[in-house]
Amino acid sequence: MAVSHSVEKVWGNPFGRLLTLLVGVGLVFGAVSLYPPIFPVIEWAIPVWFVLWGVSRFYLYGIADPLTSAGGSLLMLGGFTLALHQLIPMGELAGAIAHFIPTLGIFVELFAEHYREQD
């Protein structure tokens, strides 16, 4: 049996997908917990990923659609606020807002993607 056939068989089953995702998360968690210097890289990759995701919305779809522009702006702002939250000690309210902005950006981007698919 070929490897590609085995992979298609496992990935085609919902339980196989779940098991694959759980094993992957376990491997990532194990790598982070066993090798501590990689944790700051992952911690700082999240805000950078939000900023790049927001920039990609403007690059791919332009500024013509207000919902896409709002989603991209909120994702970039969320990346910056998360980075500032990690860099500067903040109070509970500022920390909650720093985590709320990227969450809001994700939901706005989901709505924008839904409406882009409708057109």
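Looking only at side-chain heavy atoms (C-beta outward), Phe80 and Ile101 stay at 4.5 Å or farther from each other. Between Ser56 and Trp53, the closest side-chain pair of non-hydrogen atoms falls below 4.5 Å. Between Phe58 and Met76, the closest side-chain pair of non-hydrogen atoms falls below 4.5 Å. A 4.5 Å side-chain heavy-atom check between Phe100 and Thr81 finds every atom pair outside the cut-off. Between Tyr61 and Asp65 there is no side-chain heavy-atom pair separated by less than 4.5 Å.
Of all the heavy atoms in Gly62 and Ser69, the pair that sits closest is O-OG, 4.1 Å. Shortest non-hydrogen contact noted between Ala83 and Trp44 is O-CH2, 3.5 Å. Glu109 approaches Thr68 most closely through the heavy-atom pair OE1-O, 4.5 Å. Smallest separation of non-hydrogen atoms from Ala98 and His85: CB-CB, 3.8 Å. The two atoms that bring Leu75 and Arg57 nearest to each other are CD1-CG, 4.4 Å, heavy atoms only. The two atoms that bring Leu67 and Tyr115 nearest to each other are CD2-CD1, 3.6 Å, heavy atoms only.
A donor-acceptor pair is defined here as one N or O able to donate and one able to accept, closer than 3.5 Å; no such pair exists between the side chain of Ser73 and the backbone of Ala70.
Under the 4.5 Å side-chain heavy-atom criterion for grouping Ile, Leu, Val, Met, Phe, Trp and Tyr, Leu93 is connected to Leu77 within one hydrophobic cluster. The same ILVMFWY cluster, assembled from side-chain heavy atoms under 4.5 Å apart, contains both Phe111 and Val108. Criterion: ILVMFWY side-chain heavy atoms under 4.5 Å apart, direct or through other members. Under it, Val55 and Leu104 are not part of a common hydrophobic cluster. Residues Leu110 and Ile46 share a hydrophobic cluster, clusters being chains of Ile/Leu/Val/Met/Phe/Trp/Tyr side chains in contact below 4.5 Å.
In this structure, Ile42 places its CD1 atom where more than 12 heavy-atom neighbours from other residues, nucleotides or ligands lie under 6.0 Å away.
For Glu43, the side-chain contact (heavy atoms from CB on, under 4.5 Å) test picks out Phe39, Gln86, with sequence neighbours left out.
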